[in-house]
Amino acid sequence: MADGFIRWYRESGATSVFAEQVGLFEAHGIGLVHPVKDAAEVINIEGDDVLIHPEELGRLLGLRFASIAMNWWFSADTNVIDEYDYQPFGCEIQTLWLDGLTSEQADVVEAAVVAAATGLPVPTRAVIVDRRGAADPEDWDSVVLYDGEKPPVMPDRVLVRDPLAERLLRSSPELRSEETGAGLTLLSPARSL
């Protein structure tokens, strides 16, 4: 079983919306800049934190040439690891890991991602909220990216747009469905709504 995560799939826009995402996350109390080191941190291949100017990080993400792992900060000691990945067929994926966070902090991360998913001008395909780590994040790729029919173990919540919402409801009719606006539907197991 994996650690808890939130995985956000969205269309690649003509221009990066990273600066706007930073503003939305900051409005929820999650900063890109480390509160003491006064710089953003990316994580290199050895797992070490490397300081980087926030604008340079935004520039690198805007080039869309590589996957980048970075930290978001609640405090100098509490971070959220974010794996930012580009797919060659026009999709950006962010996976935010919830391990080490309190339930309240995980609520804040979820609220920030949902605010970005519904508020940024780039269409969201899906947001997978799996706080228990019932599946691996990549298990959702076949359903979201490749039109797969059968989802993996149902997570806590899935925020999706049609036709994916229709496919998930067809394959798992026990799911509860709620329209959320912005063209997205919230799906969850009947027990958790």
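For Arg7 and Asp139, the salt-bridge test fails: no basic side-chain N is under 4.0 Å from an acidic carboxylate O.
Within the 4.5 Å cutoff, the side chain of Leu175 has no heavy atoms near those of the Val158 side chain. Proximity of Ser172 to Met154: side-chain heavy atoms (C-beta onward) are nowhere separated by under 4.5 Å. You'll find the side chain of Val160 stays beyond 4.5 Å of the side chain of Tyr9, heavy atoms only. Counting heavy atoms from C-beta on, the side chains of Thr180 and Leu159 come closer than 4.5 Å. At least one side-chain heavy atom of Pro152 sits less than 4.5 Å from a side-chain heavy atom of Val143. Within the 4.5 Å cutoff, side-chain heavy atoms of Leu145 are placed close to those of Cys91. Contact check for Pro137 versus Ile128: no side-chain heavy atoms found under the 4.5 Å cut-off.
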Does the side chain to side chain contact (heavy atoms under 4.5 Å, CB included) test come out yes or no for Phe74 and Thr102, once each step is laid out?
CA-CA 11 Å; Phe74 279 101; Thr102 66; over 6 Å; no
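By the rule that hydrophobic residues join a cluster once side-chain heavy atoms approach within less than 4.5 Å of another member, Ile30 and Leu98 end up as members of one cluster. Both Ile93 and Val144 belong to a single network of hydrophobic side chains, linked directly or stepwise wherever heavy atoms of I, L, V, M, F, W or Y lie under 4.5 Å apart. Leu120 and Ile6 fall within a single hydrophobic cluster, where Ile, Leu, Val, Met, Phe, Trp and Tyr side chains are chained together by heavy-atom contacts under 4.5 Å. Val17 and Val22 fall within a single hydrophobic cluster, where Ile, Leu, Val, Met, Phe, Trp and Tyr side chains are chained together by heavy-atom contacts under 4.5 Å. Val36 and Leu57 are not part of a single hydrophobic cluster, where members link through side-chain heavy atoms under 4.5 Å apart.
Heavy atoms only, all atoms of each residue included: Leu96 and Phe25 are closest at CD2-CE2, 3.9 Å. Of all the heavy atoms in Ala135 and Trp140, the pair that sits closest is CB-NE1, 4.5 Å. For the residue pair Pro35 and Ser75, the shortest heavy atom distance occurs at CG-C, 3.7 Å. Contact record, Tyr86 with Leu61: OH-O, 2.5 Å, taken as the closest heavy-atom pair.
Under 3.5 Å, the side chains of Trp97 and Asp3 contain no donor-acceptor pair of N or O atoms.
With hydrogens and angles disregarded, a donor-acceptor distance shorter than 3.5 Å links the side chain of Ser171 to the backbone of Leu168. No side-chain donor-acceptor contact under 3.5 Å links Arg10 to the backbone of Ala117. With Asp82 contributing its side chain and Trp72 its backbone, the two residues share no donor-acceptor pair below 3.5 Å. Put simply, the side chain of Asp130 gets close to the backbone of Ala134: a donor and an acceptor are under 3.5 Å apart.
Applying side-chain hydrogen bond (donor to acceptor under 3.5 Å, both in side chains) to Glu92 and the options Gln87, Arg64, Arg125 leaves one that passes, Arg64.
Residues in residues 19-29 take part in these side chain to side chain donor-acceptor pair (under 3.5 Å) pairs, two or more places apart or across chains: Gln21-Gln94.
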For residues 41-52, which side-chain N or O atoms pair as donor and acceptor with protein atoms under 3.5 Å away, sequence neighbours left out?
unit_1 : atom_1 : unit_2 : atom_2 : d
Glu41  : OE1    : Asn71  : ND2    : 3.2
Glu41  : OE2    : Lys37  : NZ     : 2.9
Asn44  : OD1    : Glu46  : N      : 3.0
Asn44  : OD1    : Gly47  : N      : 3.1
Asn44  : OD1    : Asp48  : N      : 3.0
Asp49  : OD1    : Asn71  : ND2    : 3.2

Which atom pairs, donor and acceptor, lie under 3.5 Å between side-chain atoms of residues 108-116 and protein residues at least two apart or in another chain?
unit_1 : atom_1 : unit_2 : atom_2 : d
Glu110 : OE1    : Arg131 : NE     : 3.4
Glu110 : OE1    : Arg131 : NH2    : 2.8
Glu110 : OE1    : Arg157 : NH2    : 2.9
Glu110 : OE2    : Arg157 : NE     : 2.8
Glu110 : OE2    : Arg157 : NH2    : 3.4

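The line from CD of Glu179 to CG of Leu184 is 9.0 Å long, rounded to the nearest 0.5 Å.
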